[in-house]
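Inspection log for the structure reproduced underneath, given as structure tokens.
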Amino acid sequence: MKILVTGGAGYIGSHTVVLLIEAGYEVIVFDNFYNASKESIRRVEKIINQSIEVIEGDLRNRDDLKSVFEKHTISSVIHFAGLKAVGESVEKPLKYYDNNVNGSAVLCEVMAEYDCKSIIFSSSATVYGDPHTTPILEDFPLFATNPYGRSKLMVEEILRDVYVSDNTWKIILLRYFNPVGAHESGTIGEDPNGIPNNLMPFIAQTAVGKREYLSVFGDDYDTKDGTGVRDYIHVVDLAKGHVNALDRIENFKEVMTVNLGTGKGYSVLEMIRAFEKASNKKVAYKIAQRRAGDIATCFADPSYAKEVLDWKAEKSIDQMCEDGWRWQSQNPNGYKGIV
Ligand code: WQD
């Protein structure tokens, strides 16, 4: 069973590749390395003690994709490849629609051409917008508030339409909450380009001395301590959710949409304290203005994932911070500078 993992050199992709191979799947990685390093593949090979076939290419290039399906009989695709910076998507929406939406449409066309009609798509809780209540269920209203979120929602709609046109497709949409942490070895982890947009890499870089202090974007939300509350989920738990989905995809008779979250919400200040405990380092912070587009509270109801994927997040906030700190402290500059 060959599995094509688009974006397999990225943060979530690389962690998922490790678990797929450990579960006995044969993996082909397809990546344009725009947002990922070839070093992450070398690190994954070290963890699993075997080489991985990597095809460098761009989803928008039909010939790049066809070369994969010409060479390999792919049974399923796990589709991570895409741009994911909310702020950048507001400044450059067409870049996001071209990469994330057009790229996904080309992928589906080429898959169908080679009779590969099985896909797990990396979606996001951002498609829920500002939920009317929490915890969030999969049938909540969908309303993206930025081009990145809209690109995820558009791809979900494209996949639902593909299924209506041909119900032999097997499609699972996994809606991630906030992935954090790293593989326990500390050899792979999150390595954002430039100044991190997301909380945890910024906290980790502050703890390791790369950033002077963290700006806490608002402490006047209607939450336990006034700071934003999110459902942080260990990236290895998230990866396990993909393996469970792949194990079961042939059983499903319709498009399956599943939240991958812990069902618990933690505030920014709670995350700072947890990371200080894990790293034994002080994380300096200053209260700043709210960030445009942020919502107060977002966390999952993960019961459907347990029902249909037999999956439940197991790792604690402390483990997320300990594993994230091990990666950051062993790799202060991530994969940067390693050719
Ligand atoms: C978390 C909390 C911020 C940075 C985004 C995407 C989502 C997904 C995860 C891709 C919020 C606060 C953050 C900082 C802060 N990505 N914060 N200072 O916004 O929940 O979700 O990333 O799929 O789609 O929307 O994550 O980590 O950016 O923010 O105070 O420097 O931390 O206000 O409350 P978010 P985040």
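Start at 1 and go down the list; that is how both ligands and their atoms are numbered.
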among protein heavy atoms, the one nearest atom 5 (C) of ligand 1 is Asn198 ND2, 3.7 Å
Pick one of side chain, backbone, both or neither for how Tyr176 approaches ligand 1, counting any non-hydrogen atom pair under 4.0 Å.
neither
Under a plain distance cut-off of 3.5 Å, with no hydrogens placed, do Asn193 and Asn35 share a side-chain donor-acceptor pair?
yes
To check your reading of the model: name the closest protein heavy atom to atom 20 (O) of ligand 1, its residue, and the distance in Å.
Arg230 NE, 2.6 Å
Under 4.0 Å from ligand 1, counting heavy atoms only, is it the side chain of Leu214, its backbone, both or neither?
side chain
Could you tell me if His72 and Glu53 have a donor-acceptor pair between their side chains, going purely by distance under 3.5 Å?
yes
Hey, which atoms in ligand 1 end up nearer than 4.0 Å to a heavy atom of Val268?
12 (C), 32 (O), 34 (O)
Atom 26 (O) of ligand 1: closest protein heavy atom, distance to 0.1 Å, is Asn178 ND2, 3.1 Å
Heavy-atom nearest neighbour in the protein, as seen from atom 24 (O) of ligand 1, with distance rounded to 0.1 Å:
Ser124 OG, 2.9 Å
Test of proximity, Lys84 against ligand 1: N or O pairs below 3.5 Å
no
Mode of Met200 contact toward ligand 1 - side chain, backbone, both, neither (heavy atoms, under 4.0 Å):
neither
A side-chain contact here means heavy atoms from C-beta on lying under 4.5 Å apart; do Met271 and Tyr232 qualify?
yes
I'd like to know if the side chain of Tyr128 pairs up with that of Arg175 as donor and acceptor (distance under 3.5 Å, no hydrogens or angles considered).
yes
Please could you name the atoms of ligand 1 that Val86 approaches to less than 4.0 Å, counting only its heavy atoms?
6 (C), 25 (O)
One finds that the ligand 1 atoms under 4.0 Å from a non-hydrogen atom of Leu199 are 4 (C), 13 (C), 15 (C), 17 (N), 27 (O), 32 (O), 36 (P)
Sidechain N-carboxylate O distance under 4.0 Å for Asp98, Lys95:
no
If you measure every N/O of Phe177 against every N/O of ligand 1, is any gap under 3.5 Å?
no
When you compare the side chain of Ser185 with that of Lys46, does any pair of heavy atoms fall below 4.5 Å?
no
In terms of atom number and element, which parts of ligand 1 are under 4.0 angstrom from non-hydrogen atoms of Asn197?
4 (C), 28 (O)
Is the positively charged end of Lys210 above the ring of Phe202, judged by distance under 6.0 angstrom from the centroid and angle within 45° of the axis?
no
May I ask you to identify the nearest protein heavy atom to atom 33 (O) of ligand 1, giving residue, atom name and distance to one decimal place in Å?
Asp294 OD2, 2.6 Å
Using a strict 4.0 Å cut-off to heavy atoms of Tyr148, name the atoms of ligand 1 that fall inside it.
10 (C), 23 (O), 24 (O)
Would you call Arg42 and Glu39 a salt bridge, using N to O less than 4.0 angstrom?
yes
State whether the shortest distance between N or O atoms of Phe217 and N or O atoms of ligand 1 falls below 3.5 angstrom.
yes
Nearest neighbour in protein (non-hydrogen) for atom 19 (O) of ligand 1:
Arg291 NH2, 2.9 Å
Report the C-alpha separation of Asp301 and Ser303 in whole Å, then their side-chain angles, then the decisive distance to 0.1 Å, and conclude whether the side-chain hydrogen bond (donor to acceptor under 3.5 Å, both in side chains) test is met.
CA-CA 6 Å; Asp301 177 325; Ser303 50; 2.5 Å; yes
Would you call the rings of His79 and Phe121 parallel, tilted or perpendicular if under 30° counts as parallel and over 60° as perpendicular?
tilted
Does Tyr221 reach ligand 1, in the sense of a heavy atom lying below 4.0 Å from it?
no
Location of contacts on Ser215 toward ligand 1, heavy atoms closer than 4.0 Å
backbone
Show me which atoms of ligand 1 lie under 4.0 Å from any heavy atom of Val216.
30 (O)
Mind checking whether Phe80 and His242 have ring centres under 6.0 Å apart?
yes
Filtering Tyr232, Tyr11, Tyr285 for the heavy atom nearest atom 1 (C) of ligand 1 leaves Tyr232
Under 4.5 Å between any side-chain heavy atoms of Ser329 and Lys281, yes or no?
no
